Amino acid sequence: MSLIRPVALYGYPLEHTYSPLMHNGGFERLGLPFVYLALPVLPAKLQDAIRGFRAMEFAGANVTIPHKEKVLPLVDVLTEDARQVKAVNTLYWKEPGVLAGDNTDIYGFRRSLIEAGIDIHGRSAVILGAGGAARAVALVLAEFQAKEICFLTRHPHAVENLIQDLSPSYPHTLWEYHLKSSAAFANVLTRSSLVVNATPVGMSPQTDKSPLSENLVSLLPDTARIYDLVYNPDPTLLMTLGAQRGLKVYGGLDMLIYQGAKSFELWTGEPSPVKDIRDLMRDKLYG
Ligand code: NAP
């Protein structure tokens with residue numbers, strides 16, 4: 001009988017995660033000898049947790065808030081994606097003894113954007129929020145040669161760091177931000193092809209909240225699209241306002257599934273059974 005290999009999720013707190021359902025569902029579906037465990041780790045204990053991970057030869061891990069940046073110096077190598085956004089959400093063994101950090105949110109957003117047929121080349125985009133997910137989104141939009149990326153956020157510090165980190169590699173994109181909706185921000189909306197919500201606003205249980213008011217949504221061009229990274233509920237209020245305005249709208253489930261699919265493959269060497277995972281997650285989240 002083969003030994004069961006653990007995969008960890010490190011974060012704090014970890015009450016509302018769907019990752020164990022997603023990954024244990026995938027392991028079970030393919031009959032793989034892995035188990036995914038949500039292990040809450042306090043910030044002061046992260047180094048100990050990674051030492052234990054190495055000693056016990058876990059097969060891999062996900063890393064979430066508040067450890068995504070703090071884990072960088074604790075791995076041996078970073079993928080190019082993780083290096084660019086300075087955040088890791090997946091640990092895997094690049095080779096025996098060499099622990100690598102990747103950011104599969106980037107892959108997840110990139111793949112879902114391609115599958116949705118959203119083309120941002122030469123166009124303007126607005127990102128709501130400036131946290132970890134906003135970094136992943138911004139990198140992908142810049143890679144796809146967005147002409148302009150404008151953030152709407154509450155504090156200057158995070159967004160200034162974000163722009164400082166990413167803009168040198170993408171000088172052809174115009175990087176800007178607004179701290180609250182203003183006439184200048186409204187003007188950006190009137191020429192935006194895509195709005196991405198990378199804040200938790202609208203997430204269950206606060207389903208009556210939208211990060212953009214109906215008035216602001218009404219300023220978007222008829223061909224604009226709205227992508228909400230929030231995947232619970234589906235649709236979010238922002239998506240409903242967009243759909244009422246006649247826009248194409250997208251929820252965060254595909255990104256969630258695809259970021260998980262890449263991590264799954266890095267740990268097991270097997271492609272994730274994406275279709276089964278989508279059915280499983282839909283059933284659990286919206287069934
Ligand atoms: P994060 O690092 O904590 O960043 C959250 C961002 O949202 C920050 O800029 C924060 O601004 C802003 N924010 C928080 N509450 C706000 C409010 N009430 N009004 C306006 N702005 C607010 O979180 P994250 O990891 O980037 O995740 C953001 C969202 O994306 C979450 O809902 C998460 O579930 C979702 N997400 C989805 C996927 C997916 O696969 N679909 C992947 C990653 C994340 P302050 O700094 O001012 O607080």
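Fair warning: this is a prediction, and the values are worked out from it, not measured in the lab. Both ligands and their constituent atoms are indexed starting at 1 by order of listing.
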Is there a donor in the side chain of Asn197 and an acceptor in the side chain of Thr199, or the other way round, less than 3.5 Å apart?
yes
May I ask whether Gly108 has any heavy atom positioned less than 4.0 angstrom from an atom of ligand 1?
no
With a 4.0 Å cut-off on heavy atoms, is Ala130 in contact with ligand 1?
yes
Find all atoms of ligand 1 within a distance of less than 4.0 Å from any non-hydrogen atom belonging to [X], and give their numbers and elements.
| X | answer |
| --- | --- |
| Gly252 | 39 (C), 41 (N) |
| Gly132 | 2 (O), 26 (O) |
| Tyr231 | 41 (N) |

Between [X] and ligand 1, find which residue part has any heavy-atom pair under 4.0 Å and reply side chain, backbone, both or neither.
| X | value |
| --- | --- |
| Met255 | both |
| Leu256 | both |
| Ile65 | side chain |

Give yes or no for whether the N/O distance cutoff of 3.5 Å, strictly under, is met between [X] and ligand 1.
| X | result |
| --- | --- |
| Arg154 | yes |
| Gly129 | no |
| His155 | yes |

What residue and atom, counting heavy atoms only, is the protein's closest point to [atom], and at what distance?
| atom | result |
| --- | --- |
| atom 19 (N) of ligand 1 | Val201 CG2, 3.5 Å |
| atom 37 (C) of ligand 1 | Leu229 O, 3.3 Å |
| atom 4 (O) of ligand 1 | Gly131 CA, 3.3 Å |
| atom 14 (C) of ligand 1 | Pro200 CD, 3.4 Å |

Should [X] and [Y] count as an ion pair when the cut-off is N to O under 4.0 Å?
| X | Y | result |
| --- | --- | --- |
| Arg135 | Asp165 | yes |
| Arg83 | Glu80 | yes |
| Glu214 | Arg245 | no |

Hey, does the side chain of Thr240 reach the backbone of Thr236 with a donor-acceptor pair shorter than 3.5 angstrom?
yes
Would a distance-only check, ignoring hydrogens and angles, find a side-chain to backbone donor-acceptor pair under 3.5 Å from Thr79 to Ala82?
yes
Would you say atom 33 (C) of ligand 1 has a protein heavy atom nearer than 4.0 Å?
no
Over-ring placement of Arg5 relative to Phe34, 6.0 Å and 45° cut-offs
no
Quick test of your reading of the structure: of Ala133, Ala198, Ser112, whose heavy atom lies closest to atom 43 (C) of ligand 1?
Ala133
Taking salt bridge (charged side-chain N to carboxylate O under 4.0 Å, His left out) as the criterion, tell me which of Arg111, Arg282, Arg278 meets it with Asp254.
Arg278
For the rings on Tyr258 and Phe109, is their centre-to-centre separation under 6.0 Å?
no
What I'd like to find out is whether the side chain of Val71 reaches to under 4.5 Å of the side chain of Ile50, using heavy atoms alone.
yes
Can you measure from CG (Leu152) to OH (Tyr177) and round to the nearest 0.5 angstrom?
12.0 Å
